[in-house]
Amino acid sequence: TVRRYFPGQAIALHLDSAELFEEPVMFVVLCACETGAGLVFRPMGQSMEESEKRSEVFRVNEATGLSLCISGSARYDWGHEVPPVSTLRLSMTWRWYKAGVDDAQGLLLPGL
């Protein structure tokens with residue numbers, strides 16, 4: 001999946017579906033015009049304020065060419081999000097569908 005973020009755009013805290021996708025999930029930042037801003041990891045089920053209070057927020061210092069590979073706890077316990085960007089951001093994500101996943105039930109939605 002290729003994602004293009006324009007100023008003001010964001011993606012909410014989420015996990016990539018464990019039912020649809022194998023491990024790992026990989027990302028690469030193709031264009032980060034705003035170095036240092038970008039992907040944030042934090043525990044699912046907590047507000048940003050609670051996560052910050054517990055020092056459980058990990059902000060990725062993004063730059064063009066950065067690549068990440070997430071699996072295990074980083075994938076299933078820590079959600080990821082992109083707060084609103086102030087300049088263009090372009091990223092690519094690789095996910096591998098599990099054997100037997102069938103789109104006949106409408107499970108494969110763009111942007112998962």
Please enumerate all residues that pass ring pair (Phe, Tyr, Trp, His ring centres under 6.0 Å) together with F41, with sequence neighbours excluded. H80
Shortest non-hydrogen pair, G8 vs P84, comes out as O-CB, 3.8 Å
So, taking the atom named OG in S51 and the one named CH2 in W78, what distance separates them when rounded to the nearest 0.5 Å? 7.5 Å
Would you say the side-chain atoms of R3 and T93 include a donor-acceptor pair closer than 3.5 Å? no
Around atom CZ of F58, are there more than 12 heavy atoms of other residues, nucleotides or ligands at under 6.0 Å? no
Partner set under salt bridge (charged side-chain N to carboxylate O under 4.0 Å, His left out) for R75, not counting sequence neighbours: none
For residues M26 and V2: do they belong to one hydrophobic cluster (side chain heavy atoms under 4.5 Å, members Ile, Leu, Val, Met, Phe, Trp, Tyr)? yes
Any side-chain heavy atom of Q9 within less than 4.5 Å of one from R89? no
Nearest 0.5 Å please: distance from the CG atom of L30 over to the CG atom of L66. 10.5 Å
How many angstroms lie between CG in D16 and OG1 in T1, if you round to the nearest 0.5 Å? 8.5 Å
Carboxylate-amine/guanidinium proximity below 4.0 Å for E50 and R54: yes
Nearest 0.5 angstrom please: E22 CD to W96 CH2, how far? 10.5 Å
Where is the tightest heavy-atom contact between P24 and S71, given as atom of each residue plus distance? CB-CB, 4.2 Å
Distance in Å, Y5 OH paired with L90 CG, rounded so as to fall on 0.5 Å steps: 10.0 Å
Might you confirm whether atom NZ of K98 has over 12 heavy atoms from other residues, nucleotides or ligands at distances under 6.0 Å? yes
Any R95 side-chain heavy atom under 4.5 Å of Y97 side chain: no
Give the minimum heavy-atom separation between V28 and G65, together with the two atoms involved. CG2-O, 4.1 Å
Rounded to the nearest 0.5 Å, what's the gap from OG on S47 to NZ on K53? Could you check? 8.0 Å
Flag yes if V60 and V82 sit in one hydrophobic cluster, no otherwise; membership is Ile, Leu, Val, Met, Phe, Trp, Tyr, and two members link when side-chain heavy atoms are under 4.5 Å apart. yes
Please name the pair of heavy atoms, one in W94 and one in M92, separated by the smallest distance, quoted to 0.1 Å. CZ2-SD, 3.2 Å
Might you point out which heavy atoms bring T64 and C31 nearest each other, and give the distance in Å? OG1-CA, 3.6 Å
Where E81 and R42 come nearest, the two heavy atoms and their spacing: OE2-NE, 2.5 Å
Is it true that L13 and V57 fall in one hydrophobic cluster, defined by side-chain heavy atoms closer than 4.5 Å? no
